[in-house]
Every structure is written in structure tokens, then in C-alpha cells.
Amino acid sequence: MEISIKGLNKNYYSEGKTIKALDQVDLTIPANRIFTLLGPSGCGKTTLLRCIVGLEMPDSGEIAIGDEVVFSTEKGIYVPPDRRGLGMVFQTYAIWPHMNVFDNVAYPLQTRGERKEVIIEKVAKTLHFVQLDGFEKRPATKLSGGQQQRVALARALVAEPKVILFDEPLSNLDAKLREETRKELRAFLTELKITAVYVTHDRIEALSLSDTVAVMKSGRIIELGTPWEIYFDSDRRFVADFIGRANFIEGKVSISEDSFTLIDSAIGVIACEKKTKAAPGAAVIVCIRPEFIRVLKGDHKVGRNIFRGRVESLVFVGDAYEGEIRVGETLLIFRIEPTTAVREGEEIALHFDPRHCSILLN
Amino acid sequence: MQKTRTGLTPGLIAIVGFLTVCPVVMLILGSFSEGLGAFGTFTLSKYVKAYTDPAFAEIIVNTVIFTIGSALVATILALFLAYLNTRTNIPFKFMFRIISLIPMMVPHILFAVSWVLLLNPSNGMINLFFRQFFGWEGAALNIYTLQGMILVEGLLDLPIAYLVIAPAMSAFDVALEESSKVCGASNLRTLVRITLPVLRPAILAAATLVIVRSLASFAVPSVIGMPGRIYVLATHIYRVVATGYVTDYGMAAAVGMSALAASITLIFLYRHLTREGEKYVTISSRGYRPSVVDLKGARYPFFGIVALLSFVLIVLPVLVLFYTSVVPYSMVPSVKAFAMMSWKHWIAVLKDPVSLLSLKNSLYLGVGGATLGIILSFFVAYVIVKVRSKASGFLESLSFLSFSFPGIVVGIGFMWFFVQTPLYATIWALLIGYIATYLPYGIRPLTSAFVQIHSHLEESSRVCGGGPLYTMRRIVIPLLVPGIVSGWILMATMFVRELSLSVVLSRPGTEVLAVQILRFAEDGLWGRLSALGIIMIFISTALVVSASWIGVRLTKGEK
């Protein structure tokens with residue numbers, strides 16, 4: 001079911017200051033896809049989620065889930081969370097400690113007054129789906145973090161909601177479990193074909209889980225696209241920086257050719273394959289991710305996008321070497337194959353892949 | 001919602017503020033006034049009279065020896081028990097839970113009385129035994145001494161000290177000790193240089209708390225100290241207002257000021273120490289268990305000590321009281337004594353109108369007072385935990401202000417207030433005084449219960465389709481029940497046994513159990529005292545058992 005949000009505003013007041021948690025947010029969340037709200041803490045992503053689910057009351061605007069308007073200041077509509085028919089997984093899982101697994105999962109059905117046999121059947125089915133068969137009688141708080149997380153998921157799914165929402169559900173798990181659970185979650189959600197809204201500040205989670213990512217900053221959605229588009233084609237420095245490690249090199253547009261744009265920068269002329277709206281002479285920033293800087297062995301290489309520099313530092317991180325190269329005054333981070341024979345202090349040539357040099361507007 | 005909340009906080013601040021600040025303000029006013037009832041002109045004469053009394057220096061010395069002595073006894077015993085429980089493989093560890101909880105059911109005054117019955121110089125059972133079987137002249141042991149007071153008070157405060165030290169001991173990071181041993185230190189050196197210093201804040205906090213408690217203690221100084229003419233601050237205040245021909249509430253207030261000042265200072269010290277302790281004690285998330293010291297052959301001897309201690313703390317007082325209640329006069333248990341047993345004292349108590357009245361009053365105050373108190377605590381805890389504004393922070397400090405104010409001093413303060421109102425000499429005066437003094441006992445368990453209810457627990461119920469009332473019934477209340485029940489039990493048992501506040505506020509017609517027992521003790525009616533005492537223990541136990549039962553029913557009944 002599609003969620004459409006129009007002109008949503010929400011302010012917080014704290015110690016005499018007004019904080020815009022949501023600033024005129026317009027958004028359409030497509031049906032039956034995994035949609036992620038990504039941003040640093042305090043960007044308003046959780047507030048937006050809580051407004052959709054009804055735990056938070058926006059100051060103005062309209063929210064519709066499917067055809068039903070659940071909130072509108074204009075029409076004076078506010079449907080409380082218990083009438084919205086959604087499912088949600090909380091950051092803390094919010095497993096009720098005084099109930100066992102069965103009662104936790106059965107709860108949404110009990111609130112709807114379902115018959116006992118139906119409840120038992122549906123709970124068993126859902127627990128089977130999240131691979132917790134036979135856990136019904138266990139006290140919920142005695143489960144491991146990953147299992148609790150799946151109980152929370154089962155509870156959110158059991159009543160077959162129109163939309164399921166996730167508020168940083170993996171942030172309480174340790175790194176290895178987080179990776180496993182992420183893959184599981186992806187599999188569950190793909191199988192279900194359900195509209196899922198997922199809030200996270202973890203870029204890897206956002207990239208690997210979502211069909212669509214919305215990047216938020218200071219209460220606004222500043223970029224919307226597929227994970228691929230967000231990672232490679234963003235034209236905002238904030239997004240490029242937030243979504244991954246990157247080098248930013250300031251420069252000026254010199255020539256705009258058909259297939260290349262040439263940028264004058266402190267380290268020399270950089271050729272970018274991406275087009276830019278910027279006219280010649282305009283100040284821009286070239287963004288190149290460390291994995292797209294290649295190290296060339298041999299002394300006399302010259303050519304387009306080839307620069308000379310000195311390896312300032314080199315750290316072996318297992319699957320790669322990460323390090324810094326100084327080109328003139330500019331320090332660039334790079335990442336190369338662990339088998340490449342490069343030493344600290346060595347003078348080397350490096351090459352920027354023009355397909356992955358993006359031009360950001362300054 | 002927003003409106004009721006904003007109204008709730010100031011309302012609670014007004015109520016709690018009245019309850020805690022009123023006695024203090026009235027005490028200060030009273031200490032500068034001429035006489036109860038009419039404040040008269042400002043005068044320093046009460047202070048002059050109180051502090052130039054030649055006997056006063058001795059009272060201060062007695063108080064210092066008594067409080068510090070009790071703190072030493074209680075802390076050393078608690079340290080010993082906590083170490084045995086958390087760090088050794090001593091058998092039957094459930095005993096420690098009993099030791100730390102059960103003594104709350106035996107009122108302090110009865111505990112003190114049972115020691116008097118055993119060790120008083122004229123007809124204490126142990127002394128009689130020595131006289132009868134060894135032909136010793138006079139008294140072998142005399143409880144009516146400062147040492148006697150210290151021993152009994154120390155035993156009484158042992159559970160409190162244990163409850164402070166044991167958690168610190170079990171949270172102790174053994175790696176600290178292990179690394180000391182790796183560095184080449186011996187076991188003893190490790191104990192002295194590492195273990196005890198790291199636990200020092202907890203140990204000092206426990207000792208401070210016991211000092212505060214024994215400073216406020218009235219049962220032991222009145223039952224054991226007064227017959228031996230050993231006066232401490234609390235009994236000195238009592239002597240000024242309750243005995244002699246001329247009662248002087250102004251002078252009592254002037255003396256009370258120093259007791260109050262001392263306890264406030266000590267409570268600040270205690271709070272500082274507990275914060276310090278939190279800084280020291282590292283609780284690792286790994287969930288390791290402290291390594292256990294194998295006591296080997298000493299397991300059972302050590303257990304014997306623990307068993308003896310629990311016998312002395314729990315079984316002995318009840319046995320002695322019951323025995324005394326059925327024999328006609330003090331005698332060593334013998335065939336003759338068993339032949340002479342009768343229900344004479346029980347019948348006398350049950351026919352005594354004042355005893356019956358005190359029974360009724362205490363029961364009423366226990367049940368009614370605890371219920372009112374817990375309702376107030378519920379709202380206060382709600383505001384402290386869930387509202388979280390500057391005002392709620394203020395409410396929090398206000399509500400813990402009265403923690404361990406000496407009851408008799410609070411009583412004197414309230415006396416100055418109630419005299420001005422129609423509440424004087426009514427049961428309502430006692431009720432208000434009780435709730436004011438014991439409010440922290442209700443708020444503590446409820447705040448921790450509220451803290452446990454993360455807002456997500458309520459919110460997820462809402463998202464799951466539960467309305468506000470449904471959420472309240474199925475989520476909030478069941479999670480709060482344990483806190484409500486333990487708060488209620490704590491308050492009710494405190495109220496049923498309340499002595500130090502009651503000796504000041506209770507008037508003819510509003511007698512309560514503990515005061516009636518004190519009267520029996522003063523008159524030497526040990527048989528009746530014991531019968532009434534057993535009834536009192538029975539009531540406390542019945543309250544605890546029934547409240548827990550209701551709690552269990554409520555938690556289960558939510559399905």
C-alpha cells in the first residue's frame with residue numbers, strides 16, 4: 001500500500017530554541033517495496049516514521065496510507081496508532097517482559113478480538129515464518145538478542161498489516177549478528193511483498209536492504225533514489241560524504257565536451273564522464289571514492305586523469321590496503337588490492353576512473 | 001493530557017513539599033518560640049537551656065559511641081556475610097536472602113524487648129539461668145549498657161548494611177584481584193590493597209546509613225538505654241516532651257535541630273558515597289561470575305555462624321516473646337515453667353481496651369495509610385520518571401529529603417503544626433506524619449517499576465492495535481504491580497510497627513501498637529507485652545503474605 005505525505009511539519013521546542021524535526025516533507029512511499037529513511041541522528045527520520053505510525057502528531061500536513069487519510073490538519077483528521085492497522089519493530093524490540101513469546105505475538109490479534117483457534121493458528125504460522133517454531137511457551141525476555149528481534153518481527157507481521165515499519169531494528173545487535181539478521185530481513189520482506197519503511201543511520205544497511213533510499217538532513221528529504229543512484233550519482237556533497245568514504249577536490253569547470261567534462265583543480269585537470277549543468281567557469285567539487293583510485297606501477301605514465309603522488313600512510317585491513325596519497329598539497333584516501341606492492345613513502349602514479357568522478361555543485 | 005500533566009507536577013510539589021518541609025519549618029519556628037500553642041516572641045532561651053544543660057555533653061558522647069558502635073557491628077557483620085554469599089561456595093545460600101529480608105517483619109521494639117527479656121540484670125532468662133545453675137550472685141550480663149545497646153542496634157541494622165554492600169560485592173570485577181596476584185601480591189595483600197579499597201565507597205556508604213538509622217533509632221535507646229539511664233539524643237528529646245512535670249516542646253525542638261542537621265549532613269555524605277561507589281564498581285556486560293573461593297572443610301563451620309546469626313535475628317526474638325507470653329513471670333524454661341503455662345496474659349491483653357484500641361488504630365494506619373501513601377507515591381514516581389522537567393527533578397529531591405529524618409524530630413516538628421489545627425490528637429495527625437516520614441519507601445520501588453516500562457513498551461501496544469485503556473490494563477498495570485505491591489508492603493509494615501514518630505504524636509485515644517508496647521515495657525508488664533508483640537508480628541506477616549498473594553493474582557489475572 002502506498003503512503004503519501006504532503007507538506008508535513010513538526011517542530012520541537014527545547015530550552016527556548018525551535019528545532020525543525022520535519023520541514024515541509026513531501027514524499028510518496030511506493031507500495032510493496034522496501035523504503036529506507038537514511039540520515040544522521042537528529043535528521044528527523046525517526047520523527048517521520050513516528051508520524052506515519054501515529055505516535056507523534058505533526059504540526060501540519062497530511063498523511064495518507066493507501067486511500068485512507070490518517071492525518072490531516074486541514075481536514076482535522078487524526079487516526080490514533082491503534083486504528084491504523086500497521087506493524088512496527090522498535091529499536092528496543094519492546095518485547096513485553098511479563099508475557100511469553102506466544103502472548104507477545106498473539107497480542108495484535110487479541111486486540112482485534114480474533115477467535116482463539118484463529119489466534120493459535122496464525123501465531124504458529126508466523127513463528128514458523130521467522131523460524132521460531134516451538135518457542136511459544138518461552139518467556140520472551142530469556143531469548144537472545146537476535147531471537148527477540150524475530151519475536152518483534154513476528155508480532156509486527158502476525159496481523160497481516162498493510163505496512164510494516166522499522167525503527168533502527170538492528171542497532172542493538174553485535175556486528176556479526178547484525179549482518180546475518182540484515183540478510184534474513186531482506187529475505188523475509190522480499191518474500192512477503194509488503195510495504196516496508198525502514199529507518200537507519202547505517203549506510204550499509206540502507207544500501208543492502210532497500211529498493212529506495214531517502215536521505216534526510218535537518219528535517220528535509222534531500223535525495224531520493226535507488227541505492228545505486230544514491231551511491232554513485234548524488235550531486236550533493238552531504239549525501240556523497242554520508243553514504244561512503246570519498247575524496248572531495250575543489251575545482252572549476254574548464255570545458256564541457258560531449259562525453260567528458262574537464263575540471264581544473266589543485267592537482268591538475270580531472271576528466272569526468274558525468275555531465276554537469278554547471279557552465280564553464282563555475283566552481284564545482286569533484287568526488288572520487290577511494291576504491292576508484294588505481295595505483296599504476298612504472299615511472300613514466302602520463303595521460304588523462306593520471307597524477308603523481310607520494311604514499312603518506314598505508315594500513316593493511318585484511319581485504320585491502322587503505323592509505324593516503326599526497327598529490328601536491330591535497331591528501332587523497334585510496335583503497336587498493338592487498339596484493340599490490342606499494343610501500344609507504346613511495347612515489348607512485350595514480351589514475352582516476354572518469355566514469356566514477358562525479359561533479360557536485362558547490 | 002498536556003494540561004493534566006502540567007497541573008499534576010505543581011500539585012504534587014505542593015503536597016510533598018508540605019509533608020517534608022512543614023515539620024522542618026515548624027521545628028525551626030518552634031525552637032525559637034516560647035511554648036507549644038503560642039509562639040510568643042522570638043527567643044533564643046530554648047537553645048541556651050538545651051545546650052548549656054550539664055548533662056548534654058554526656059548525651060552527645062553517648063550518641064556518638066552508640067551510632068558509630070552500631071555502624072561498626074552492622075558493617076563488619078554485613079561485610080562478612082556479603083563476602084560469604086557472593087564470593088564463596090558456602091552451602092544453602094537462600095539463607096542470605098532470608099537474613100536480609102525477614103528481620104523487617106520483626107519490629108525493632110520487639111527485638112530490643114526480647115534481648116531485655118534474655119539479659120536484663122534482675123530477671124533476664126540467661127542471668128536467671130546462671131544464677132540457678134551456677135549459683136552466680138548478681139547479674140552475669142547486663143543488657144542495660146552502652147555495649148548492650150550497640151550490640152542490639154547493630155544486629156537490627158545488619159540487613160540494611162547488607163543490602164548496600166552485597167550488590168557492590170557481587171558487581172566487583174575479579175580481574176582487579178587477579179591482576180594484583182599476577183603482579184606478585186599475596187592474597188592478604190590483594191585483600192588489603194585492592195579489594196577493600198575498591199569496595200570502600202560501598203562500605204562507607206553502608207556505615208553512614210547505619211549511623212543515620214541508629215541516630216534516628218528510638219526503640220533500642222528507649223527499651224534498653226533508658227532503664228540503664230543511658231540517654232542519647234532521641235531519648236533525651238523524648239524525656240523533655242514526655243516525662244517529668246513540665247514538658248518543653250521548645251527545648252525539644254532546639255535539641256532536635258542538631259539531630260536533624262546531623263542526619264541531613266550524613267545523608268548527603270551517603271549520597272556522595274553511593275555515587276562514588278558507582279564510579280568504582282565496574283559491571284561488565286560480559287556477564288562473568290566472580291570466581292568462587294573454595295572454603296573446603298570450613299564450609300559447614302562458616303554456615304554454622306550464618307545459621308546462628310539468622311537464629312538470633314529471626315527465631316530467637318519470636319521464641320522468647322512467645323515463651324514470655326505464656327509463663328506467669330520470668331523464669332528459665334523448665335518442667336515447672338511448662339506446668340505453669342497459661343493464656344493469662346493473652347486474655348488480659350484481649351480484654352484491655354487500650355490494647356484493643358491500639359490494635360485497631362495500627363491496623364487502620366497500616367492498611368489505610370499504606371494505601372494512601374502508595375497512591376501518592378504512584379503519582380510522584382510517575383512525574384519523576386515520565387514527565388522529566390525541571391519541576392519533576394525538584395519534586396524528586398523534595399520527596400527524598402525526608403529519607404531517614406529522625407522520626408522523633410519530625411514528630412516534634414509536626415506537633416508544633418498540629419497544635420494549630422483541629423487534627424491535633426486525631427488519627428489523621430498520625431496518618432499525615434507517617435506518610436510524610438515514610439514516603440521514600442513507597443516512591444523507591446515505584447520509580448524503579450516505572451523506569452522499567454520503556455515508552456516503547458506502551459507504544460508498541462498502541463501500534464499493535466491496543467487502545468489507551470487496553471494498553472494500561474494489559475501492559476502498564478501488570479508491569480507496575482510488583483512495584484506497587486512491594487511499596488505497599490514496605491509502607492504497611494513500617495506503619496504497623498511505627499514507634500519513634502508515634503511516641504510524640506500519639507495521644508489518649510490514638511494509641512498505636514508500638515507505643516502500647518513501650519508503655520508495657522515501662523511498666524514491666526512483660527507477659528502482656530509479649531502477647532501483644534506476637535499479635536503485632538502476626539499482623540505484619542499477614543499483611544506481607546496477603547499483599548504478595550494479591551500481587552501474584554493481579555499479575556496472573558491479566559490473561
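Lettering follows sequence order; numbering is per chain, from 1.
- Side-chain atoms of A:L55 and B:V463, non-hydrogen and from C-beta on, do get closer than 4.5 Å to each other.
- If you tally non-hydrogen atom pairs under 4.5 Å between each of A:R83, A:R155, A:Q91 and chain B, the highest count goes to A:R155.
- Annotation for A:E121: atom CD does not count as buried by contact number, only 12 or fewer foreign heavy atoms lying within 6.0 Å.
- The minimum heavy-atom distance linking A:H98 with B:P478 is given by the pair CD2-CB, 3.5 Å.
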Please report the C-alpha distance between B:S460 and A:W96 in whole Å, then the side-chain angles of each, then the deciding distance to 0.1 Å, and finally whether the side-chain contact (heavy atoms from CB on, under 4.5 Å) criterion is met. CA-CA 9 Å; B:S460 70; A:W96 297 304; 3.2 Å; yes
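- When each of A:A156, A:P97, A:P108 is checked for heavy-atom pairs under 4.5 Å with chain B, A:P108 comes out on top.
- Applying the 6.0 Å contact sphere to OH of A:Y78 captures more than 12 heavy atoms from other residues, nucleotides or ligands.
- The shortest side-chain heavy-atom distance between B:Y470 and A:D82 does not fall under the 4.5 Å cut-off.
- Here A:M99 contributes atom CE and B:I475 contributes atom CD1; the two are 4.0 Å apart, rounded to the nearest 0.5 Å.
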Begin with the C-alpha distance, continue with both residues' side-chain angles, and end with the deciding distance and a verdict on side-chain contact (heavy atoms from CB on, under 4.5 Å) for A:R50 and B:E459. CA-CA 10 Å; A:R50 289 169 63 86; B:E459 287 174 0; 2.7 Å; yes
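- When the shell of 6.0 Å around NZ of A:K20 is examined, it contains 12 or fewer heavy atoms from other residues, nucleotides or ligands.
- Within a 6.0 Å sphere centred on CG of A:D67, heavy atoms belonging to other residues, nucleotides or ligands number 12 at most.
- By the neighbour-count criterion of 12 heavy atoms within 6.0 Å, atom CZ of B:F394 is sparsely surrounded, having that number or fewer from other residues, nucleotides or ligands.
- Each of B:H454, B:E458, B:H456 has some count of heavy-atom pairs under 4.5 Å with chain A, and the biggest count is that of B:H456.
- Contact count against chain A (heavy-atom pairs under 4.5 Å) is highest for B:S461 among B:S455, B:P468, B:S461.
- By the 6.0 Å contact criterion, CZ on A:R33 is open, its count of non-hydrogen atoms from other residues, nucleotides or ligands being 12 or less.
- Rounding to the nearest 0.5 Å places OG1 of B:T471 at 4.5 Å from OH of A:Y107.
- A heavy-atom distance below 4.5 Å is found between the side chains of A:P80 and B:R462.
- For A:I95, the part sitting under 4.5 Å from any heavy atom of chain B is the backbone (N, CA, C, O) and nothing else.
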